Structure formats: C-alpha cells, structure tokens
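Notes follow the structure.
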Amino acid sequence: MQYHSTRGGALPVDSARAVLRGLAEDGGLYLPERLPELDWRRVAASDTLSMAEAIASAFLPDIPDMPALVRRAYAGKFETEELTPTVQAGPFRVLELFRGPTSAFKDVALSMLPQLMTAARDAVGMKEEILILTATSGDTGKAALEGFRDVPGIRICVFYPHGGVSQVQRRQMVSQEGENVAVCAVRGNFDDAQTGVKGIFTECRGKTLPVALSSANSINIGRLVPQITYYFKAYRDLAEAGQIRMGDEVNFSVPTGNFGDILAGYLARELGLPVGRLICASNANNVLTDFIRTGTYDRRRPLHKTQSPSMDILVSSNLERLLYLLSGDAGLVAEKMDLLGARGYYTVSGTLLEAIQERFWAGCCDDARGSRTIRRVWERWGYLCDPHTAAGWAAAEDYVNQTGDTRPMVVLSTASPYKFPAAVLAAIGGDTRGDEFDRMARLEAITGVGIPRNLANLRDKPERHTAVIDKEDMLRFVWKLCGK
Ligand SMILES: *Cc1c(COP(=O)(O)O)cnc(C)c1O
C-alpha cells in the first residue's frame, strides 16, 4: 500500500517505509492513498488483540506477521487482557487507556511501534541499527523507553528538561531498565530539548552514520494505527452491555493535544464504525476549540502551563492529516501549513469547515473547572479521574447540555490519577503536603482506588540514568552512544 505526504511534495513510499521514516521529506505526514476496506462488524465483534491485528494489517500490509507482532507488543504487559477496559460512571462510559506499563495512554501505541519498526526494518532489508531520539515533556519519554527496551536492533535515547518534569515522571525515566536505553536531562526547558533533537536530525542528514536515526513522535503513522483499536473495543463493550445495538451511533469525547488520539477516532469512523460526534476537549490552551468553532487556527497566543500538561500545546501536528482527509487536496494543506509557519495562523471555510463541524465538536475548560469536575465526578459517581480526563468529561457535559444529543457518550481517560497526585488530591480536598509519593499514598488512603503497581514500586527503584548536560552537548552525547 502506498503512502502519500499530506503536502504532496514527496514520493510515495510503502507502509513499511512510512513507519521507518515517520515524517515525509517535504515536512508533511504520511497517509495511505486510499483508506483500507474493513468489515467493521466483524472487527467490532472480535477480541481486543484480534481487533488490533485486523486494523494494523489493513493499514500496514507491507509489514509481515502482524499477529505475532501484536502478541509480542501487548501480551502480559497490560493490567488486563482486554488492554483498555471501560467503566460506566454516571452518565458516561469511561474508556480507560492507562492500564499499560507506564499508566499513560501512550502505552497503547508505544508498545506496538517498536514491533512495527523492527519488522519494517527486516521487510525493507535495512541492516544498520535504529537509534530513536525523543525529547519529552514527561509521558512520551517513559512510554517510549518501556516500549523499546531490549528490542533487538533498536536503541533509544530520551532527553527531558532538567527540573521540567514531575517528580514521578522523572523517577519513572531515570530508573529505566534495559540494555539499549539512555536517558539524559538537559539544562533548559522542553523547547530547548526538542530543538536540540531536531538539530541532531538536521546535523546528521546526508551523513554516513553507524545507525539510522528515527523518532517515536506521534506524527508517525505507526503510532496512530494502534490507537484505532480502542474505539472498536469501546463500541463492543457498549453493545455487550446492551446500551446500543450494532449499527447505533456512539459519541466520543477525547482529551486532545497533538490531535493524534482523536484522529484515530476519525479513522475508526472512516472504517465504518458508527461514530457520531467526536468531541475535541482542550484545557486553557484552546487553540483547537477556536479552530473547530470558527475555522481560524491561530497559534499566536501565550502557552499556559496547566495541570493537564500533555495537552499544553499550540501546534497540533495531526490536524494536518484531518485537513488532507477531508479536502483530498495536498496543495491546500501545504498552503495552510506554510501560512501557519510564516505568519502563525490560517483559516478554512466553506464546505471544508462544514465537514469539520459536522463530525467534530469542541469544548475547553480551565484548571479551576477541571478541579471542580474531578471533585464532582468523584463525589457523585465514585469515579476518580486525572486532570486530562476531567477536561474530556467537562467537554462531554457541555456538548450534551448544548445539543441535547442523547446518543451514548464515551469519555476517553488518558492517564491514571496517580500520575498527577497533587492536582487530584487538591481537587477532592485532600492534604497535599509532602512529596509526590506521600501524596499518592494519601490519595489511595482517602479514595480506596489502588495505586498502579508500576508507580507504587517507583520510590525504591535505583536511579540508573543521572546525566545532566547543557543543550549544546546533546549531539556529543548521541555520538558517544553511537560509539563515535
Ligand atoms: C499525549 C496525551 C494526551 C493528548 O493526546 P494527543 O494524541 O496528543 O491529542 C492527552 N492526555 C494524556 C495524559 C497524554 O499523555
């Protein structure tokens, strides 16, 4: 299957190469020339691993042996065999995406990506080792480390901002085990770390290196495809619970940052799954809310630091894929992306905007409302949600109140409340003194909700990766890893 760039300026590649490259040469994102055909009813009736297999095989036919890859990716690594359970909480069905090895939703995709990459590497006959370079603001780094650890033929190096991630997130990364992993703190903020990584890619372009550089960033189609599965899974759960009959439409509310998670929902819809509205939930960084409501995407605004940091984002990369899928016009996408880069905003209108608004609805909530939502959901329905999930919940409520839509609503839950114990504890009126591990223990004592095992063990794990470097030294750090 051929993959094209959303900007039309790169040669098509097969699905294995699309996964290995991540980003197309013209800066665009890869999408298949035609979306695959799938019998959605059959997929929706199968178990979770079979769903994952069917969807990944349909999108990535050039990567062989998908059943084995899926099993290797997921078997025994999640808390439950169904990977992503759903729970009824008051009016909504919560889809828990955080039952993986690092308690964040990125585990679903980052458990699968390493398997896809090694198989793709073999399929195209690539000989050199792959070195994954990733800058992280917290969640991606740990999920990527855990996904890639001890995967043959691949090494991974994660840079995080020194003092710029939470205590839990730092401890998760510096205690990482595995023979092929490196973790390093960079003096500076997340942008410095990300700019440094981009600089290394630029510096190494065209050079003969002992390794092939790649990234685990969410623009890789190999990260998007595994996320389609859980929309089918949630749909099946609703059918099994008798809340819908096969064919009835379901709405989904998605806490959104880079637009990857919600785009997977849109792809599920395109595969035939009866998806009603996709609710795009944002925090105070509501650039997507404005876009979906007005058609103008404007990144010229301050970035707010919020209690849902994984949604603190001004440029949502995967939105580019939606524009391409709805318009079918790479020229238009290239023009809008140029405008976004050059002057910081662009506008879509007419039938394209109508198509977006027909399929998506957008809502946002600030930290104060997020905290009130955590408290209310806990007190009324006994469900403890993290600040990202709370934003999804609030947007779902706004949508129902404003439209009167009575179709069942699934709220995607993207992180364990124990990844953000201070915010959650404060929201439900608990005492937030002490360090993050004290807060976790107190949250568990108050709520009776168990701490995920991977987080409970963290305090006693030895620190294995203690390097702290200046951003100017990142390239040297990587070269040393390559043995240069
Ligand atoms: C990454 C992340 C998101 C945002 O997902 P996108 O695919 O970037 O839209 C939401 N919540 C949590 C906890 C995340 O880690």
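Please read these numbers as outputs of a predicted model, since none were measured by experiment. What's counted below: heavy atoms across the whole structure, side chains too, no hydrogens, waters or symmetry copies. Order of appearance sets the numbers: ligands from 1, and atoms from 1 within every ligand.
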Could you identify the single nearest non-hydrogen protein atom to [atom] and state the distance to 0.1 Å?
| atom | value |
| --- | --- |
| atom 11 (N) of ligand 1 | T414 OG1, 2.8 Å |
| atom 8 (O) of ligand 1 | N258 N, 2.7 Å |
| atom 2 (C) of ligand 1 | K106 NZ, 2.5 Å |
| atom 4 (C) of ligand 1 | G257 N, 3.5 Å |
| atom 7 (O) of ligand 1 | D261 N, 2.9 Å |

At a 4.0 Å threshold, what atoms of ligand 1 neighbour a non-hydrogen atom of [X]?
| X | result |
| --- | --- |
| G260 | 6 (P), 7 (O), 9 (O) |
| D139 | 13 (C), 15 (O) |
| P255 | 4 (C), 10 (C) |
| T256 | 9 (O) |
| A415 | 13 (C) |

With side-chain hydrogen bond (donor to acceptor under 3.5 Å, both in side chains) as the test, pick out the partner of K419 among H388, Q172, Q169.
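That would be Q172.
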
With a 4.0 Å heavy-atom cut-off (strictly under), which part of F105 contacts ligand 1: side chain, backbone, both or neither?
side chain

Quick one: do [X] and [Y] make a salt bridge, cutoff under 4.0 Å?
| X | Y | answer |
| --- | --- | --- |
| E146 | K77 | no |
| D438 | R442 | no |
| R99 | D107 | no |
| E177 | R464 | no |
| D290 | R301 | yes |

If you apply the rule salt bridge (charged side-chain N to carboxylate O under 4.0 Å, His left out), what do you find for R369 with D398, and how did you get there?
CA-CA 12 Å; R369 180 157 173 231; D398 286 349; 2.9 Å; yes

Side chain to side chain contact (heavy atoms under 4.5 Å, CB included) test vs R155 passes for just one of V181, I130, L131, namely L131

Mark the output for A104 as yes if a heavy-atom distance to ligand 1 is under 4.0 Å, and as no if none is.
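No; A104 lies far enough from ligand 1 that no heavy-atom distance drops under 4.0 Å.
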
W361 ring centre to R293 NZ or CZ under 6.0 Å, with the angle to the axis within 45°?
yes

Decide whether an N or O pair under 3.5 Å exists between D386 and ligand 1.
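Looking only at distances, the answer is no, because the N/O contact criterion of under 3.5 Å is not met.
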
Going by distance only, is there an N or O of F259 that falls short of 3.5 Å from an N or O of ligand 1?
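Yes, F259 has an N/O under 3.5 Å of an N/O on ligand 1.
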
